[in-house]
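Following: one structure in structure tokens, then a few remarks.
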Amino acid sequence: MGIVSQEAIKQFQALIEVDEPLKRTFQNVHQGYLVETFGRFLKARDSNVAEAHKMLVDCLNWRVQNDIDNILAKPIVPTEVYRGVRDSQLIGLSGYSREGLPVFAIGVGLSTFDKASVHYYVQSHIQINEYRDRVILPSASKKYGKPITTCIKVLDMTGLKLSALSQIKLLTTISTIDDLNYPEKTNTYYIVNAPYIFSACWKVVKPLLQERTRKKVQVLSGCGRDELLEIMDYASLPHFCEGEGSGSSRNSQNGADNCFSLDHHFHQQLYTHIRQQSLMKESVQPIRHGSFHVDVPEAAAERTHIAETIVSEFNKFGNQNGLSESLDGLKINGD
């Protein structure tokens with residue numbers, strides 16, 4: 001459990017009395033791994049039992065109020081919109097570490113988030129979170145014979161430009177959802193293919209992060225292949241880590257090898273799962289077109305400050321290098 005003591009977990013467990021309507025959603029959160037779940041929320045609140053308890057209760061209420069338990073039965077339709085989301089929100093499951101942790105690949109630099117409304121991207125992100133927590137992680141736990149409740153993320157910075165700041169509000173929204181409702185689900189973040197613009201910004205942003213977050217982030221040299229092969233087999237490497245110059249691509253020649261592609265088995269299984277769940281409910285309530293709206297709490301002051309710092313540093317970089325992509329008028333909060 002790391003920094004979380006067994007005594008804190010016992011105190012937390014003693015506070016929890018979950019009845020309907022929160023009972024079902026609590027089961028979807030813990031998946032039978034209560035100790036690990038309490039540990040995650042305690043870590044997120046620096047082992048403060050009262051604050052961790054409030055965080056969990058707030059999370060459960062958010063899930064009920066936003067019908068999160070049924071989000072895997074609500075496909076993004078029509079298909080053209082879903083394909084647009086997948087082509088512009090680059091994420092996929094490339095494999096597993098030798099310890100059994102799922103390896104999620106994210107194409108940060110080439111994700112444009114410009115093919116659909118914000119609500120579709122939020123819906124897609126939560127669906128992947130829920131599929132991870134309710135399907136991928138339980139299956140991995142069963143396969144490896146031990147509780148597996150966290151994952152690894154490999155972030156590809158290929159193609160990162162100043163224009164990426166236009167999506168800072170959406171990314172802050174997604175991060176806020178994760179921080180408050182899916183805390184401590186990522187064991188380590190590996191940054192690969194980082195251009196100078198990222199490295200320059202990282203030096204300024206790193207000190208602003210909480211210590212536990214800083215310890216999770218590792219910036220690897222180049223595509224990170226050699227370092228990542230120490231914790232996973234070659235078959236589990238994201239396609240952009242297989243060799244120098246193998247960065248993210250929306251249109252890989254071999255979609256089955258590109259974990260961002262709809263042709264990849266992860267996305268095929270995810271799409272099939274959501275479609276099957278929706279068909280089970282369709283006789284009761286027909287599928288409606290349109291995005292799934294989720295209430296998102298306002299970002300914490302600390303996160304807003306970090307976002308503002310990123311904007312400032314990127315603009316400084318642009319000015320110093322004579323680039324014309326300055327985004328001085330960008331709003332971090334609000335429309």
Can you tell me how far [atom2] of [Y] sits from [atom1] of [X], rounded to the nearest 0.5 angstrom?
{"X": "Met280", "Y": "Arg275", "atom1": "CE", "atom2": "CZ", "answer": "14.0 Å"}
{"X": "Asp133", "Y": "Ile126", "atom1": "CG", "atom2": "CD1", "answer": "11.5 Å"}
{"X": "Asp295", "Y": "Asn61", "atom1": "CG", "atom2": "CG", "answer": "12.0 Å"}
{"X": "Leu110", "Y": "Leu90", "atom1": "CG", "atom2": "CG", "answer": "6.5 Å"}
{"X": "Cys201", "Y": "Tyr196", "atom1": "SG", "atom2": "OH", "answer": "11.0 Å"}
{"X": "Arg83", "Y": "Ser261", "atom1": "CZ", "atom2": "OG", "answer": "7.5 Å"}

Hphob cluster co-occupancy, [X] + [Y], side-chain heavy atoms under 4.5 angstrom:
{"X": "Ile231", "Y": "Leu101", "value": "yes"}
{"X": "Leu15", "Y": "Tyr33", "value": "no"}
{"X": "Leu42", "Y": "Leu34", "value": "yes"}
{"X": "Val57", "Y": "Met55", "value": "no"}

*Does a side-chain heavy-atom distance below 4.5 Å link Val154 with Val192?*
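In contact.
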
Sequence neighbours excluded, which residues qualify as salt bridge (charged side-chain N to carboxylate O under 4.0 Å, His left out) partners of [X]?
{"X": "Lys10", "answer": "none"}
{"X": "Asp58", "answer": "Lys54"}
{"X": "Asp226", "answer": "none"}

All side-chain contact (heavy atoms from CB on, under 4.5 Å) counterparts of [X], not counting sequence neighbours:
{"X": "Cys59", "answer": "Phe41, Arg63, Asn181"}
{"X": "Thr79", "answer": "Tyr271"}
{"X": "Gln210", "answer": "Arg212, Thr213, Glu302"}
{"X": "Lys115", "answer": "Ser88, Tyr121"}

So, does [X] use its side chain to make a donor-acceptor pair with the main chain of [Y] at under 3.5 Å?
{"X": "Ser94", "Y": "Cys259", "value": "no"}
{"X": "Ser278", "Y": "Lys74", "value": "no"}
{"X": "Ser236", "Y": "Met232", "value": "no"}
{"X": "Arg86", "Y": "Leu262", "value": "no"}
{"X": "Lys153", "Y": "Ala105", "value": "no"}
{"X": "Thr272", "Y": "Gln269", "value": "no"}
{"X": "Arg40", "Y": "Glu184", "value": "no"}
{"X": "Gln13", "Y": "Val35", "value": "no"}
{"X": "Thr188", "Y": "Ile152", "value": "no"}
{"X": "Arg214", "Y": "Leu209", "value": "yes"}

*If a pair satisfies salt bridge (charged side-chain N to carboxylate O under 4.0 Å, His left out) and one of its residues is in residues 88-107, list it, with sequence neighbours excluded.*
Arg98-Asp233

*asked:* Assess, by modelled atom type and distance only, whether the side chains of His239 and Asp257 contain a donor and an acceptor separated by less than 3.5 Å.
replied: no

*Verify whether one side chain among Gln89 and Thr112 offers a donor that lies under 3.5 Å from an acceptor in the other.*
no

Quick one: side-chain hydrogen bond (donor to acceptor under 3.5 Å, both in side chains) partners of [X], sequence neighbours excluded?
{"X": "Asp178", "answer": "His125, Asn129"}
{"X": "Tyr182", "answer": "Glu130"}
{"X": "Glu51", "answer": "none"}
{"X": "Glu7", "answer": "Gln11"}

_Set out, in order, the CA-CA distance, both residues' side-chain angles and the distance that settles side chain to side chain contact (heavy atoms under 4.5 Å, CB included) for Tyr120 and Tyr82, then state yes or no._
CA-CA 8 Å; Tyr120 281 116; Tyr82 181 68; over 6 Å; no

*Hey, can you tell me if Phe266 and Phe104 have their rings parallel, tilted or perpendicular (30° and 60° cut-offs)?*
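The arrangement is perpendicular - the two ring planes meet at more than 60°.
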
*How are the rings of Phe26 and His30 set relative to one another: parallel (under 30°), tilted (30 to 60°) or perpendicular (over 60°)?*
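Phe26 and His30: perpendicular rings.
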
*Mind running side chain to side chain contact (heavy atoms under 4.5 Å, CB included) on Leu137 and Thr150 for me, showing each step along the way?*
CA-CA 8 Å; Leu137 290 173; Thr150 61; over 6 Å; no

*Test side chain to side chain contact (heavy atoms under 4.5 Å, CB included) on Ile177 and Val122 and set out the steps.*
CA-CA 9 Å; Ile177 289 173; Val122 172; 3.6 Å; yes

*Apply side chain to side chain contact (heavy atoms under 4.5 Å, CB included) to the pair Asp156 and Ile106, showing each step before the final yes or no.*
CA-CA 6 Å; Asp156 181 27; Ile106 303 173; over 6 Å; no

*Closest heavy-atom pair and its distance - Val4, Gly39*: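 Scanning both residues, the minimum pair turns out to be CG2-O, 3.6 Å.
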
